[in-house]
4 protein chains.
Amino acid sequence: MNEQSFILWCGKVKHVKRNRPKYKQIIEAAVVVIAENGYHQAQISKIARQAGVADGTIYLYFKNKEDVLISVFREKMGMFVQKINEVTAGKKTAAEKLLVMIQNHFRILSEDQYLAIVTQLELRQSNKALRFKINEVLKEYLEVIDHILVFGKENGELAADLDIRLARQMIFGTMDETATTWVLNEHKYDLVALAPKVHELILYGCKLKSSV
Amino acid sequence: MNEQSFILWCGKVKHVKRNRPKYKQIIEAAVVVIAENGYHQAQISKIARQAGVADGTIYLYFKNKEDVLISVFREKMGMFVQKINEVTAGKKTAAEKLLVMIQNHFRILSEDQYLAIVTQLELRQSNKALRFKINEVLKEYLEVIDHILVFGKENGELAADLDIRLARQMIFGTMDETATTWVLNEHKYDLVALAPKVHELILYGCKLKSSV
Amino acid sequence: MNEQSFILWCGKVKHVKRNRPKYKQIIEAAVVVIAENGYHQAQISKIARQAGVADGTIYLYFKNKEDVLISVFREKMGMFVQKINEVTAGKKTAAEKLLVMIQNHFRILSEDQYLAIVTQLELRQSNKALRFKINEVLKEYLEVIDHILVFGKENGELAADLDIRLARQMIFGTMDETATTWVLNEHKYDLVALAPKVHELILYGCKLKSSV
Amino acid sequence: MNEQSFILWCGKVKHVKRNRPKYKQIIEAAVVVIAENGYHQAQISKIARQAGVADGTIYLYFKNKEDVLISVFREKMGMFVQKINEVTAGKKTAAEKLLVMIQNHFRILSEDQYLAIVTQLELRQSNKALRFKINEVLKEYLEVIDHILVFGKENGELAADLDIRLARQMIFGTMDETATTWVLNEHKYDLVALAPKVHELILYGCKLKSSV
DNA sequence: TATGAATGAGTTTTCATTCAT
DNA sequence: GATGAATGAAAACTCATTCAT
């Protein structure tokens with residue numbers, strides 16, 4: 001087997017594995033186990049039992065435990081990015097795009113509270129190496145925000161001197177902190193209902209009156 | 001000894017350990033070890049060696065390993081809160097208070113890069129129990145922000161309809177995300193220099209032009 | 001599967017570990033290690049090495065170290081009770097039953113000197129919790145003695161006013177003290193040969209002459 | 001200093017130490033701490049605190065922890081032997097001597113329930129080396145029993161063919177087992193009241209009727 | 001493919017003892 | 001004599017991963 005066909009073969013195998021039923025079965029089991037037991041109590045044996053497979057079977061679909069956890073994040077975050085891309089594409093202004101982004105970000109977490117616990121609390125307990133890989137996945141999301149901001153600047157909607165990176169950090173930081181606080185408060189209030197006010201804060205800040 | 005002096009005496013005993021030189025020595029050693037090795041590789045034996053004491057000595061000053069880690073956070077965050085309180089007290093407007101808060105938040109992290117790594121990355125890998133305790137310490141800081149926002153609303157500087165909790169989440173989320181990104185970028189740029197722009201973002205948001 | 005077969009199946013699962021070869025292998029290794037090194041020097045790693053398995057394997061068969069030690073006692077004492085029940089059943093009088101009981105008690109210890117050291121000396125160094133559980137196992141043995149005494153009283157062989165509990169304490173206390181002294185004397189003499197005299201002491205005491 | 005005067009000096013020091021108030025203070029503290037916390041939880045620091053001295057002070061009076069524990073046993077058992085010797089000396093027959101011995105053995109334990117717990121349960125958890133030394137102290141007591149039995153044989157009161165060693169094992173084993181059972185039953189009944197029946201069992205055994 | 005029994009490395013914490021004051 | 005702060009050795013248990021079936 002030459003190098004190229006090896007790569008093709010790997011790619012094929014990888015692709016095939018991700019579409020086989022047990023792959024998704026294990027991913028979903030991992031989300032449940034992590035949400036119910038916490039990151040540090042999510043042993044491979046528990047995930048296997050939840051997925052209804054043997055421990056060893058997990059190693060037919062994933063390289064190791066870290067690979068399972070990254071895959072959980074990749075699959076779920078992929079869904080996030082896809083959804084956000086979809087809903088923002090349908091809007092004409094940056095302001096509208098940002099609003100539906102915030103709304104949908106909050107809605108996805110509200111609708112899958114296991115996912116909310118896993119992304120906002122549990123996966124952050126992972127070690128530096130894992131979190132580095134998680135950050136790479138996150139970049140795709142951050143780029144979606146960047147695109148909206150550039151779009152807003154280009155059409156004159158947003159300030160020409162807006163620092164894209166800092167603005168993106170404010171937007172993501174605010175959404176993330178808001179979501180985390182909501183999870184820590186055990187989902188006691190309606191997260192989606194906060195979207196308009198968060199949107200306003202992002203667009204106008206704390207509205208220093210003298211500046212108007 | 002009357003009752004009052006007895007209580008005073010007890011209070012003194014309670015705090016005497018925290019004032020003995022080895023207490024601070026161990027705290028500082030823990031910061032270095034965690035920053036250099038990562039949270040999960042910060043064994044008690046490494047901290048003891050770094051502090052120049054025997055393993056057992058740590059247990060004369062701390063109940064257990066978790067107590068060491070919480071104390072690291074409590075001591076350092078206490079310093080944060082004290083410093084921020086000091087510098088904001090000297091300012092007359094909420095806008096000025098927020099600016100010096102952001103500047104000093106960033107400055108403390110810039111001046112102790114070990115501390116920056118520990119608070120922005122490593123301590124977040126702790127388990128739920130430890131993070132719960134860390135959150136309690138964090139509350140003090142969040143209250144400082146709340147006080148500034150209330151002050152700004154009361155003197156008419158900030159919008160009367162400003163949602164304090166959300167605004168605080170935006171402010172803390174933005175500073176935190178900005179600091180974390182800076183640490184992940186290995187301190188490649190000047191964090192303190194970003195303070196004015198972060199301040200502007202917080203006060204005026206992304207400055208949607210149509211709103212002006 | 002109906003309810004009954006489910007229960008049978010569960011029962012089987014429950015006991016299946018005890019019947020697998022490694023279970024007995026570990027029990028026997030524990031007896032050897034405790035006898036040769038003493039209770040406090042019987043580390044799990046030594047027992048594993050003696051049994052020819054990995055440390056972790058012990059935890060597939062036993063909940064923890066205490067479980068290993070209790071199981072050693074349960075398995076060995078079970079053998080005791082079964083043997084004593086067997087040999088006493090074949091005898092017609094209480095006197096004969098007591099004699100074969102004493103003989104077999106001493107014989108079992110004589111034939112497995114590791115077991116003798118473990119039961120007479122080492123397991124008594126265990127902590128209160130473990131000794132409480134050991135006592136529960138011991139109760140079965142004490143009940144065998146009680147049955148013989150009741151049998152003897154009912155057929156008129158033994159004094160009608162005999163206090164069963166005290167008599168049982170005398171019998172067990174005497175056998176136990178005799179066996180312990182023999183172990184402390186490093187098995188220098190023939191323990192089984194003492195059985196007739198112990199039997200006589202139990203039946204007639206020190207034979208105060210004036211009482212005849 | 002020559003060898004002899006060194007020995008004399010040591011002897012003197014030893015003697016002097018045993019009579020100094022802190023020596024007894026530490027012994028009594030050890031009994032309390034062992035009874036209340038159990039053998040394995042009786043740390044030197046707890047004994048020191050109970051005795052009202054510093055940890056280091058214990059090492060001025062005792063060689064090491066084992067020495068403290070042996071001394072506890074020696075002092076208390078010495079009291080036992082002295083008392084038993086006293087009360088048996090006043091009796092004319094072996095039967096009477098045995099009765100008062102049993103009565104006083106049980107009485108001493110009844111009157112100091114801490115001591116009962118320590119001698120019947122806790123000190124038996126000690127390791128082989130310590131128990132070997134405890135056995136040496138015990139020998140004095142066993143010799144008292146032997147003397148009574150020899151006395152009884154010599155004056156024709158007891159059977160001429162009585163095996164002294166076995167009889168002593170029966171007597172001590174019976175008393176010990178009875179006392180231990182009583183402690184395990186949490187002193188629910190009157191131990192001293194059992195003395196006459198224990199005495200009877202020892203003298204006449206289970207009274208096999210056919211033998212009369 | 002799938003299984004699951006077996007492996008074995010790695011770390012916190014306790015506490016008897018010492019010794020400078 | 002008395003103190004008590006400091007020492008440092010020692011062991012149970014977990015769980016990701018493998019591999020014979």
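Quantities reported herein were computed from a predicted structural model and do not represent experimental measurements. Residue numbers begin at 1 in each chain, while the letters A, B, ... track the order of the sequences.
- Counting heavy atoms from C-beta outward, B:Leu69 and B:Tyr39 have side chains that approach closer than 4.5 Å.
- In terms of heavy-atom proximity, D:Ile44 sits nearest to D:Tyr59 at CG1-OH, 3.9 Å.
- Here the P atom of nucleotide F:dC13 and the CG atom of C:Asp67 are 10 Å apart, to the nearest Å.
- Atom pair D:Lys65:NZ and E:dT18:C1' shows a separation of 17 Å (rounding to whole Å applied).
- The heavy-atom pair separating A:His40 from B:His40 by the smallest distance is CE1-CE1, 3.4 Å.
- Remark: F:dT21 base-pairs with E:dA2; criterion is Watson-Crick or G-U wobble with both hydrogen-bond distances under 3.5 Å.
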For residues 22-31 of chain B, which side-chain donor-acceptor pairs fall under 3.5 Å, sequence neighbours excluded?
from, atom 1, to, atom 2, distance (Å)
B:Tyr23, OH, B:Glu75, OE2, 3.4
B:Gln25, NE2, B:Ala51, O, 2.8
B:Glu28, OE1, B:Lys76, NZ, 3.4
B:Glu28, OE2, B:Lys76, NZ, 3.1

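- In summary, the side chains of A:Tyr114 and A:Glu36 do present a donor paired with an acceptor at a separation below 3.5 Å, with no hydrogens or angles considered.
- The nearest heavy atom of DNA chain E to D:Asp55 and to A:Gly56 marks one nucleotide each, and the one closer to the 5' end goes with A:Gly56.
- Annotation for C:Asp55 and C:Ala48: closest pair OD1-CB, 3.5 Å, computed over non-hydrogen atoms.
- When the salt bridge (Lys or Arg N to Asp or Glu O under 4.0 Å) test is applied to D:Glu136, no partner is found at least two apart in sequence or on another chain.
- If you measure from atom OH of C:Tyr59 to atom P of F:dA11, you get 13 Å, rounded to the nearest angstrom.
- Nucleic acid contact for D:Phe62: none, since no nucleic acid atom lies under 4.0 Å from a heavy atom of the residue.
- The side chain of B:Thr57 contributes no N or O atom lying less than 4.0 Å from OP1 or OP2 of F:dA6.
- Rounded to an integer number of Å, the gap from C:Ile58 CD1 to E:dA5 C1' is 15 Å.
- If you check residues 22-54 of chain B against DNA chain E, the residues with a heavy atom closer than 4.0 Å are B:Gln43, B:Ile44, listed by number.
- Nucleotide F:dA11 holds its C1' atom 14 Å from the CG atom of C:Asn64, rounded to whole Å.
- At E:dA2, one or more side-chain N or O atoms of A:Tyr61 fall inside 4.0 Å of OP1 or OP2 (strictly under the cut-off).
- What separates CG of B:Leu60 from C1' of F:dG4 is a distance of 10 Å, to the nearest Å.
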